[in-house]
Amino acid sequence: DGGITQSPKYLFRKEGQNVTLSCEQNLNHDAMYWYRQDPGQGLRLIYYSQIVNDFQKGDIAEGYSVSREKKESFPLTVTSAQKNPTAFYLCASSIVGGSGNTIYFGEGSWLTVV
Amino acid sequence: GNSVTQMEGPVTLSEEAFLTINCTYTATGYPSLFWYVQYPGEGLQLLLKATKADDKGSNKGFEATYRKETTSFHLEKGSVQVSDSAVYFCALTLPDNDMRFGAGTRLTVKP
C-alpha cells in the first residue's frame with residue numbers, strides 16, 4: 001500500500017540528547033514536510049523540501065535539522081538546542097506543481113523529554 | 001500573510017445534531033481550501049477540498065463551499081454521529097505548496 005511511514009511511534013529523549021525521527025514515503029512525491037503539533041494546538045511547519053538535496057526552513061526551524069538525500073526519505077533530527085521538544089511530530093508529502101495539491105500525512109511520532 | 005482562522009472549540013453536540021464549524025482565510029492569490037480530520041493519536045486525513053470559488057467539497061456527509069466573497073469555507077454536516085468525534089482542521093494552500101492550517105476545532109458527539 002502507498003503511504004507515509006513514520007518511526008518510531010513513541011520516543012523518549014534525555015536532556016542534551018539528539019534524536020532522529022524517520023519518515024519514508026512510497027507515493028513518489030517530490031515535496032516532504034515536517035510539522036510539530038502541541039496538545040490542543042494546530043500545526044506549525046518546521047522544515048520542508050521540494051526536491052532532493054534541497055530544503056527550506058519553516059516557521060519554527062530552530063533546534064531542528066533535516067536531510068533529503070533520497071526522494072523517499074526526509075528524517076528530522078531534534079537537537080539538544082531545541083529547548084521544549086515534547087510534542088507530536090507529523091511528516092507529510094505532496095506532489096509539486098499545479099494547484100490544489102493534497103498533502104498526505106503519516107501517523108505521527110510522539111516525542112517526550114524525560 | 002496567508003492564514004486561516006477557524007472557530008474555537010471544543011464543540012459538543014448530541015448525535016443527529018447539525019454541525020457547522022466556521023473557517024475564514026486570508027491569502028494573496030487564489031488558494032485551494034481543505035478540511036482535514038484527526039482522530040486521537042493519529043495523523044491528519046483529508047476530509048474534503050475545493051480548488052476554486054463556488055466549488056463545493058463533500059465527503060462522508062460533510063460539505064463545505066468555497067466562498068470567495070466572504071473568504072470562507074465553513075464545514076457542515078446535517079446529522080453527526082458519535083464516530084465523527086475528532087479534531088477538524090481547515091487549511092489553505094497556494095500554488096507554491098505553502099500550506100497553512102487553522103488551530104483545529106475539537107468536536108465531541110454524545111449518544
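Each chain gets a letter, A, B and so on, in the order the sequences are listed, and its residues count up from 1. Keep in mind it's a predicted model, so treat the numbers as computed, not measured.
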Contacting moiety of B:Gln6, where chain A heavy atoms sit under 4.5 Å: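 No part of B:Gln6 comes within 4.5 Å of chain A.
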Heavy-atom proximity to chain A below 4.5 Å, by part of B:Leu44: both
ring-ring contact (aromatic ring centres under 6.0 Å, His included) involving A:Phe105 - partner list, sequence neighbours excluded: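 So A:Phe105 forms a ring-ring contact (aromatic ring centres under 6.0 Å, His included) with A:Tyr35, B:Tyr36, B:Phe101.
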Contact class of A:Gln6 relative to chain B, heavy atoms under 4.5 angstrom: neither
Minimum side-chain heavy-atom gap A:Asn18-A:Ser80 below 4.5 Å: yes
Test item: A:Tyr64 and A:Tyr47 side chains (from C-beta on) under 4.5 Å apart, heavy atoms: yes
Presence of salt bridge, A:Asp38 and A:Arg44, under 4.0 angstrom: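 Yes.
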